[in-house]
Structure formats: structure tokens, C-alpha cells
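Every chain is numbered from 1, with letters handed out A, B, ... down the list of sequences. Everything numeric here is computed off the predicted structure, so don't read it as measured data.
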There are 2 protein chains.
Amino acid sequence: MKPDNHLETSECRAISQMLSRVGDKWTVMVVTFLGNETLRFSELRRRIGGISQKMLTTTLRNLERDGFVNRTVEPTSPPSVSYELTALGHELLEPVSRLADWTRDNSHRIEEARSHYDRLTSK
Amino acid sequence: MKPDNHLETSECRAISQMLSRVGDKWTVMVVTFLGNETLRFSELRRRIGGISQKMLTTTLRNLERDGFVNRTVEPTSPPSVSYELTALGHELLEPVSRLADWTRDNSHRIEEARSHYDRLTSK
DNA sequence: CCGTATCCCCGCAGATACTG
DNA sequence: CAGTATCTGCGGGGATACGG
């Protein structure tokens, strides 16, 4: 962040919303698995592991609504539904992966701060 | 994101946690207001506006625990407590502001996608 | 195979009242 | 001034069952 300005209050809210939007329990994982290939619903679910059908549906619907994911239905029987990232979805991954890099590089500093804090406050 | 790799499952979780960690209701706003100056509790509260005492305390405690904020108590009467960003806190702002830039630049595309989606599904 | 409907639990967040 | 304690409502997210 530039030293001599800070975000406007309304922009802060927009950023918080985007962070929590993308930071919900499954979105990053779904977007990551769709990052390089188109996947069907059940294949996606199998790869993620541990996600309920309901939450995968919800997560994909929200991503579709925001224009991050495309949903394609093959009207076969039984139906086959596949998902892929849109251009916008790919673009979103860039700033998110920057934050991912930062998190990977600095998680040990956060861990240290936490254990230091906990040591001081627990006794 | 690089084309031929994706984040590991465990890393996805770490990123989701960081996103929701920073994406909670007040963190971005608090960090932003502390971005350029040290502030006392009540001054910070006054500037943010609309935050309860409890939530400001909680948000600051979490930031302190993670090493993003320093808390300094002047043992006067009544007490004076001031907060400032640590080096780690300032560094965190960099990738966050990248995402902020992206959000500002692309929010209209998301809005369009949403209204398009809602138009199709509401009828 | 893909999705929806229901029920339920739990933790975030606000309101309010009270202390050093 | 700067907290803590308590109560409450709301929404995310899981389990389960059912439908096209």
C-alpha cells in the first residue's frame, strides 16, 4: 500500500466483501481444481474430497453467478454437467495467488507471533 | 496463477484461512486506518464509525496475536492505549492492496455477471 | 448423475450493562 | 478511557433424504 493514502471506507468494505467472498470454505479449492481443466461435478467432488454435495453446488452456483465459472449441461441420460473457469475466473487467480505466495512465505512469522502471544497470555 | 500447476490441497486451506482471516468484517478497515499513523482505541473507533467496542477489541486482539499490530499502554489515569502496524502488518498490505486494485478494476464485470445471472434465473 | 429440501449445530457479531 | 461479561439473532455449513 502506498504510504501516503489509505483506502476509502467504502472501498474497504468492497475489499472485505471480496476477501470473504473468495475466502469462504471451498471457493479457493474449487477454483484451483478448475484452474487447468474442465471437470464434471462428480469428478470435481471426488478430487476435492470432504465436500458435501450441497456445498459444492452452492459454491459453484455462486462462482457462476459472479462470472468466474461456466456451467455446461450435456442433456444426456443421466445428465453430464461440466464446469470451467471463465477469463474473469483466471484473472482473479492472479492477485489471489500473490496473496497465496505471501501466506506461504510468511506463515512461520505469524505462527511465531501467535505462540509468543499465547505464551504471554496463558499464564 | 501459472498454467501448469495448481495449489496443493493443504495450501488451499491455508489461503482460504488467510482470506477469511483478513476478510472478516472489520480487519481491513482497522489495518487501513492504522496504515499511516498510530491511533488510540477511541480515536480509532471514532474514525471507523459503526463498530462496537467489543468488535474493535476483538479485531485488535486478533491482529496483535498474529503479529500485525503493536499495542502500547501508557499507565496514566485514565489509561491511554495506542495501536500501530508492525512491519509484518505493513507487508501484508501489499498483496491485499493488489487484490483491492483488482476488485476496483473488475467490480463492474462481476456486477454485470450477477445481474445477467439473476435476470435468467428469476423468471 | 446432478441437484434440491429440510433439519440442525455452531460461531460471528451486535446490544447492553458493568469494572479498573 | 479501555476494556470484559452476558444474552441474543443470524447465517454458514454439514447430514440426510428425496426428485428429475
Side-chain angles (χ1 to χ4, degrees), chain A residues 12-13 16-31 33-34 38-66 69-84 117 120-122, chain B residues 9 12-13 15-31 33-34 38-66 69-84 117 120-122:
Chain A
C12 284
R13 280 194 249 277
S16 295
Q17 283 169 23
M18 181 58 67
L19 286 164
S20 60
R21 162 72 189 85
V22 176
D24 71 359
K25 189 162 181 180
W26 298 108
T27 290
V28 169
M29 203 161 300
V30 168
V31 169
F33 275 103
L34 293 177
T38 299
L39 289 173
R40 295 181 56 177
F41 185 91
S42 36
E43 177 62 13
L44 188 53
R45 187 177 177 199
R46 197 186 61 74
R47 294 208 194 176
I48 291 175
I51 188 173
S52 68
Q53 208 168 29
K54 174 191 164 188
M55 286 315 300
L56 182 53
T57 300
T58 303
T59 302
L60 286 166
R61 281 294 175 285
N62 289 333
L63 286 168
E64 189 193 0
R65 179 171 184 261
D66 287 353
V69 155
N70 263 11
R71 177 175 182 266
T72 309
V73 181
E74 305 289 339
T76 55
S77 180
S80 164
V81 183
S82 60
Y83 296 89
E84 62 184 338
Y117 181 93
L120 294 183
T121 54
S122 64
Chain B
T9 297
C12 285
R13 279 195 249 277
I15 297 156
S16 295
Q17 283 169 22
M18 180 60 64
L19 286 164
S20 61
R21 162 72 190 85
V22 176
D24 70 0
K25 190 163 183 182
W26 299 107
T27 291
V28 169
M29 201 161 300
V30 168
V31 170
F33 275 104
L34 292 178
T38 298
L39 289 173
R40 295 181 57 177
F41 185 90
S42 36
E43 176 62 12
L44 188 53
R45 186 177 178 198
R46 198 186 60 73
R47 295 209 193 175
I48 292 176
I51 188 173
S52 68
Q53 210 168 28
K54 174 191 163 187
M55 286 316 298
L56 182 53
T57 300
T58 303
T59 302
L60 286 167
R61 282 291 177 286
N62 289 333
L63 286 169
E64 190 195 359
R65 178 170 185 264
D66 287 353
V69 155
N70 263 111
R71 178 175 182 267
T72 310
V73 181
E74 304 289 340
T76 56
S77 178
S80 166
V81 182
S82 59
Y83 295 89
E84 61 184 339
Y117 182 93
L120 293 185
T121 55
S122 66

Asker: Please identify which of these residues, A:V28, A:I48, A:V30, A:V31, meets the side chain to side chain contact (heavy atoms under 4.5 Å, CB included) condition with B:C12.
Answerer: A:V28
Asker: D:dC1 phosphate, OP1 or OP2: any side-chain N/O from B:R40 under 4.0 angstrom?
Answerer: no
Asker: What is the distance from CZ of B:R21 to P of C:dC12, rounded to the nearest Å?
Answerer: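 The answer, rounded to whole Å, is 12 Å.
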Asker: For A:F41 and C:dG3, what is the distance between atoms CZ and C1' respectively, to the nearest whole Å?
Answerer: 7 Å
Asker: Rounded to whole angstroms, how far apart are CD on B:Q53 and C1' on C:dT16?
Answerer: 11 Å
Asker: Measure from the side chain of A:P79, starting at C-beta and using heavy atoms only, and say which of D:dG3, D:dG20, C:dG14 lies closest.
Answerer: D:dG20
Asker: Between C:dA13 atom P and B:L56 atom CG, what is the distance in whole Å?
Answerer: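 So the CG-P distance, B:L56 to C:dA13, works out to 13 Å.
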Asker: Taking the side chain of B:D24 as its heavy atoms from C-beta onward, which of C:dG3, C:dA13, D:dG3 lies nearest to it?
Answerer: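 So the nucleotide nearest the side chain must be C:dA13.
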Asker: Determine whether B:F41 and B:L60 satisfy the following criterion, side-chain contact (heavy atoms from CB on, under 4.5 Å), listing intermediate values before the conclusion.
Answerer: CA-CA 9 Å; B:F41 185 90; B:L60 286 167; 3.9 Å; yes
Asker: How close or far is atom P of C:dG3 from atom CG of A:L60, stated in whole angstroms?
Answerer: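 Computing the A:L60:CG to C:dG3:P distance gives 8 Å.
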Asker: For the side chain of A:K54, starting at C-beta, report the closest nucleotide among C:dC7, D:dG3, C:dG3.
Answerer: C:dC7
Asker: Taking 4.0 Å as the cut-off, does a side-chain nitrogen or oxygen of A:Y83 come that near to OP1 or OP2 on C:dC2?
Answerer: no
Asker: Without decimals, in angstroms, what is the distance between B:I51 CD1 and C:dG14 P?
Answerer: 7 Å
Asker: Where the side chain of A:T59 meets the backbone of A:M55, is there a donor-acceptor pair that is under 3.5 Å apart?
Answerer: yes
Asker: Measure CD/A:Q17 against P/D:dG11 and give the value in whole Å, please.
Answerer: 15 Å
Asker: Assuming nearest nucleotide by heavy-atom distance, tell me which of A:P78 and A:W26 is located more 5' along DNA chain D.
Answerer: A:W26
Asker: According to a strict under-4.0 Å criterion, is B:S42 in side-chain N/O contact with OP1 or OP2 of D:dA2?
Answerer: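 Yes.
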Asker: Across the strands shown, which category fits B:K25 at heavy-atom distances under 4.0 angstrom: base, sugar-phosphate, nothing?
Answerer: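 Result for B:K25 = sugar-phosphate.
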Asker: A:R45 side chain to A:I51 main-chain N or O, any donor-acceptor pair under 3.5 Å?
Answerer: yes
Asker: Mind listing the closest non-hydrogen atom pair of B:L34 and B:Y83 along with its distance?
Answerer: CD2-O, 3.5 Å
Asker: Mind calculating the distance between CZ (B:R71) and C1' (D:dA2) to the nearest angstrom?
Answerer: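 One finds 8 Å between C1' of D:dA2 and CZ of B:R71, rounded.
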Asker: Across the strands shown, which category fits A:R61 at heavy-atom distances under 4.0 angstrom: base, sugar-phosphate, nothing?
Answerer: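 If one applies the 4.0 Å heavy-atom cut-off, A:R61 turns out to touch the sugar-phosphate alone, with no base involved.
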